[in-house]
Enquirer: 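There's a structure below that I have some questions on.
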2 protein chains.
Amino acid sequence: MLHEEVVSRLRGMLLEGEIPPGARIPERELCAALQISRTPLREALKVLAADGLVVLLPNRGSRAAKLTGHDVRNLFEVCQGLEALAGELACKRISDEQLAEISAAHAAMVKHQRRGDLTQYYRCNRTIHEAIVRAADNPILSVLYESVTSRIRRARYVTPMVPERWSLALREHEGILNALLRRDGSGLAHILRAHLRHKLEEVTHAGFAEDSEAMGSDNAKS
Amino acid sequence: MLHEEVVSRLRGMLLEGEIPPGARIPERELCAALQISRTPLREALKVLAADGLVVLLPNRGSRAAKLTGHDVRNLFEVCQGLEALAGELACKRISDEQLAEISAAHAAMVKHQRRGDLTQYYRCNRTIHEAIVRAADNPILSVLYESVTSRIRRARYVTPMVPERWSLALREHEGILNALLRRDGSGLAHILRAHLRHKLEEVTHAGFAEDSEAMGSDNAKS
DNA sequence: TACCTCATTTTTGCATTCAAAAAACGGGCA
DNA sequence: TGCCCGTTTTTTGAATGCAAAAATGAGGTA
């Protein structure tokens, strides 16, 4: 197994909660599970630690990182900055095909909202946001965006929404699409920032902001 | 030597050009130089590779990353987004002490500009930008900012400036300070974006954007 | 000379090993 | 019983060893 594969496999386990936040990371077992020795596993752990998904305690092993309310706030703030930037750049660089894709995803999203299908709604939603970042055509931005959003994905795309919030979000998305069509970079940036600010409010309100991803089992001794 | 120390030591070598961009990284020699074995060195290399400072070629070792003109553009763009965000947040959160520090640094910078001391000017300049990020009080942002800026630091803080550009930069900095004093977040964000956009133009104009940090020796076989 | 081939050396990536640190256990004592 | 201290076991972090891959270089051929 390649180094990058080990990293992404582990990242997946951490993000999916397969290794719950705060839990001790059992090197031995993981080695057995992934069929690798400790050396490459530990290399991957250091990489993930640098990315904030794992915390290394000197001489005491590593644990899956646990997000605090502050972390969630900070991540959402950075996400706002990155999406706003992506929006600005996307307006300059987006192709007609990419725009068509986003329009289609938007239409599908509206449909799912009408039917009350939150899961499918979120899927389209995410497609749109990711497409905007892709349209910005900046690999550095893409990597940072992926790193930041992956850590708040569950909070962002699992939080339930009350009807008013949901329709507000939809109106914001109308604005996003319009701004894109008009290639109005600063307008789009503005809407995206507000959109994410509102999302953070929802997430916070839903109680995700406290130990966000730590919901469910919590094997850590603080 | 601690893991983090190895990483930051190596990062320093790469950023300072002690290991020139594109150069092969000699594991053996570095182990000897740092007095460590290959295992911790390789762990550090993977971390730096994830950060973009090193490229790993499977079965062919690692090399110091070489920035292309596109990389420089992309990094500056992301930097714009991050500084704009930092400005917004700083206006909400900056303390009077922090504001005083920035004012002092600004005054010193003006003095150095009058005397034509570019090095000292840049030192104060960097202090100001970093202080704004610190005032934003968002560790996630700080880490990303450090990662992005460290990679373009040499381009940013070494490029010579023609007098008109220099005085424009200074006027922009007056605007930055004023916006901070007025706690005008969006105004500050706007100025910072323009400031960095202009900086990128200077850097590009100075030819830094092509193999930016590859100036000097270039031991790589492309 | 230019180029191809194949043996030799070096380097890489990973498994294993080893010393030191931390945790777990258990006996002694109040 | 509850707690402290010394011992054993486990786990961690790093060095070493080893097989496979790549680079090097010498010799042969056109």
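All of these numbers come straight from a predicted model, not from anything done at the bench. So you know, we letter chains A, B, ... as the sequences are listed, proteins then strands, and number each from 1.
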Enquirer: Just to verify, what does B:His195 make a ring-ring contact (aromatic ring centres under 6.0 Å, His included) with, not counting sequence neighbours?
Expert: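 Expected list: B:His129, B:His173.
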Enquirer: Categorize A:Leu57 for me: base, sugar-phosphate, or nothing, with a 4.0 angstrom heavy-atom threshold over every strand shown.
Expert: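 Sugar-phosphate, no base atom in range.
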Enquirer: Looking at A:Arg42, I'd like to know whether one of its side-chain N or O atoms comes within less than 4.0 Å of OP1 or OP2 on D:dG13.
Expert: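 For D:dG13, OP1 or OP2 has a side-chain N or O of A:Arg42 closer than 4.0 Å.
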Enquirer: Using whole Å, report how far CZ of A:Arg38 lies from P of D:dT12.
Expert: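 Atom-to-atom, A:Arg38 to D:dT12, this comes out as 7 Å.
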Enquirer: Could you tell me which non-hydrogen atom of B:Ala155 sits nearest to which non-hydrogen atom of B:Val203, and how far apart they are?
Expert: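 Between these two residues, the closest heavy atoms are O-CG2, 3.6 Å.
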Enquirer: Would you give the length of the straight line joining atom CG of B:Asn74 to atom CG of A:Leu141, rounded to the nearest 0.5 angstrom?
Expert: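 So the CG of B:Asn74 and the CG of A:Leu141 are separated by 8.5 Å.
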Enquirer: Collect all protein-nucleotide pairs involving nucleotides 19-21 of chain D in which both atoms are nitrogen or oxygen and the distance is under 3.5 Å.
Expert:
none

Enquirer: Pick the closest DNA chain C nucleotide for A:Arg60 and for B:Ile25 by heavy atoms, then say which residue is nearer the 5' end.
Expert: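 Nearest-nucleotide comparison on DNA chain C picks B:Ile25.
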Enquirer: Using the side-chain hydrogen bond (donor to acceptor under 3.5 Å, both in side chains) definition, which of the options A:Lys199, A:His205, A:His198 pairs with A:Glu202?
Expert: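 When side-chain hydrogen bond (donor to acceptor under 3.5 Å, both in side chains) is applied between A:Glu202 and each of A:Lys199, A:His205, A:His198, only A:Lys199 qualifies.
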Enquirer: Could you tell me how far apart A:Leu30 (CG) and D:dT11 (C1') are, to the nearest whole angstrom?
Expert: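 It works out to 14 Å between those atoms.
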Enquirer: Return each pair, listed once, that meets ring-ring contact (aromatic ring centres under 6.0 Å, His included) where at least one residue sits in residues 131-161 of chain B; pairs must be two or more places apart or across chains.
Expert: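 Sorted result for residues 131-161 of chain B: B:Tyr122-B:Tyr157.
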Enquirer: Both B:Pro26 and B:Thr39 contact DNA chain C. Which one's nearest nucleotide lies toward the 5' end?
Expert: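 On the 5' side of the pair lies B:Pro26.
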Enquirer: Take the protein atom NE2 of A:His3 and the nucleotide atom P of C:dT12, then report the distance between them rounded to whole Å.
Expert: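 Value for this atom pair: 16 Å.
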Enquirer: How do A:Arg28 and B:Glu43 order along DNA chain D: which one's closest nucleotide is nearer the 5' end?
Expert: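 Residue closer to the 5' terminus by nearest nucleotide: A:Arg28.
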Enquirer: Round to a whole Å and report the spacing from CE of A:Met1 to P of C:dA15.
Expert: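 Rounded to whole Å, this separation is 10 Å.
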Enquirer: For a quick test of reading the model: is some side-chain N or O of A:Arg24 closer than 4.0 Å to OP1 or OP2 of D:dT12?
Expert: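 Yes, A:Arg24 has a side-chain N/O under 4.0 Å of OP1/OP2 on D:dT12.
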Enquirer: Ignoring hydrogens, what is the shortest heavy-atom contact between A:Leu177 and A:Ser103? Give both atom names and the distance.
Expert: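 Here A:Leu177 and A:Ser103 meet closest at CD1-OG, 3.7 Å.
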